[in-house]
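Have a look at the structure below, then the notes.
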Amino acid sequence: MAKFSLFSEESNRSPLSRLWRKFKSNHPALVGLWVFVALTLLAITAPFIAPYGINQQHGDALLLPPSWHDLGDVRFILGTDDLGRDVLSRLMNGATYTFGLSIIAALVTTLIGVVLGTFAGISKGLRSSLLNHLLDITLSIPSLLLAIIIIAVLGPGLLNTVWAIIFALLPQHVHSVRNLVVEELSKDYISAFRLDGASKLQILVRGVLPNIYEHIVVIFTMALSTAILDIAALGFLKLGAQPPTTEWGAILAENLSLIYLAPWTVGLPGVLLFIAVLSTNLVGDGLRQVLKGRKVD
């Protein structure tokens with residue numbers, strides 16, 4: 001009787017509840033999720049909770065090491081740079097640019113990719129062939145290289161970097177969503193929809209999209225990790241955010257000459273980039289494992 005109750009309780013759970021239970025059992029993915037949430041909150045609140053201004057200089061505290069060092073100062077937990085600016089405050093504000101803008105770029109790319117990928121999936125004939133060839137050409141170019149090409153046209157700057165990342169990631173999104181839509185349209189339940197007289201729009205809204213939204217979330221996490229690296233790379237190459245903007249890649253480039261004299265000014269932004277990408281990839285891997293082998297009723 002107890003077993004039957006447990007089985008009934010599990011069967012009555014919503015699909016999202018079942019997915020969450022499976023996801024929670026993956027401890028690395030769960031840790032990655034909490035880090036991801038913490039970074040998101042930091043990106044939102046950093047301008048309000050940072051202890052100092054991003055360009056506030058302290059003439060009596062040039063190149064101070066982190067506070068745990070013998071020469072450190074408790075006022076500056078992560079030390080200062082060569083201009084006496086608080087490293088912690090600059091890194092906190094950098095989360096708004098590197099991580100926050102990456103989320104916006106990945107969200108916009110995902111939304112546009114879903115629309116264009118769905119259109120590509122339902123297209124047939126010459127129109128479908130042209131779209132496929134165009135996607136194949138753009139997918140042959142690495143996203144970072146494509147972003148650099150777009151920056152060369154638009155010019156350097158933070159806003160242009162976001163647009164470059166969106167356009168660079170878009171072909172992969174369109175291709176992935178198109179494959180998902182084509183796969184769903186070949187299933188038996190879609191044939192049942194057609195026999196019931198459903199229109200193409202009804203088939204997409206009521207049949208296809210509800211059965212691929214979890215995969216779209218996975219695609220979003222993959223795009224986010226790529227966007228973080230690409231935004232930081234463009235900032236490091238001085239093609240993206242320009243000083244004194246506190247984007248993590250720009251901070252790395254700005255302090256690269258201090259790597260031996262003040263390694264914390266270079267190492268700490270690199271560690272944050274590693275943590276941001278790792279947490280995003282852990283969440284994405286956890287979602288992929290949860291969705292692996294998922295059957296559509």
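All values reported here derive from a predicted model rather than from experimental measurement.
- Applying the salt bridge (Lys or Arg N to Asp or Glu O under 4.0 Å) definition to pairs two or more places apart or across chains, none involves residues 228-250.
- Looking only at atom types and distance, the side chain of Asp86 has no donor-acceptor partner in the side chain of Gln56 under 3.5 Å away.
- Judged as a side-chain hydrogen bond (donor to acceptor under 3.5 Å, both in side chains), the pairs with a partner in residues 254-277 (not counting sequence neighbours) are, in order, Arg85-Glu254, Arg90-Glu254.
- By the neighbour-count criterion of 12 heavy atoms within 6.0 Å, atom CG of Leu209 is densely surrounded, having more than that number from other residues, nucleotides or ligands.
- Here the closest non-hydrogen pair linking Thr80 and Leu63 is OG1-N, 3.2 Å.
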Yes or no on side-chain contact (heavy atoms from CB on, under 4.5 Å) for Leu256 and Leu252, after CA distance, side-chain angles and deciding distance?
-> CA-CA 6 Å; Leu256 191 59; Leu252 275 169; over 6 Å; no

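- Ring pair His58/Tyr52: centre-to-centre distance below 6.0 Å.
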Intermediate values then yes/no, side-chain contact (heavy atoms from CB on, under 4.5 Å), Asn160 and Ile151 = CA-CA 7 Å; Asn160 289 345; Ile151 285 292; 4.1 Å; yes

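- The two atoms that bring Ala232 and Leu273 nearest to each other are CB-CD2, 3.6 Å, heavy atoms only.
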Should Leu287 and Thr221 be marked as a side-chain contact (heavy atoms from CB on, under 4.5 Å) after you check the CA-CA gap, both sets of side-chain angles, and the distance that decides it?
-> CA-CA 9 Å; Leu287 289 172; Thr221 60; 4.1 Å; yes

Run the side-chain contact (heavy atoms from CB on, under 4.5 Å) check on Leu170 and Leu116 step by step: do they pass?
-> CA-CA 9 Å; Leu170 194 56; Leu116 296 182; 4.1 Å; yes

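- Counting only residues at least two apart or on different chains, the salt bridge (Lys or Arg N to Asp or Glu O under 4.0 Å) pairs with a member in residues 54-75 are Asp60-Arg75, Asp73-Arg75.
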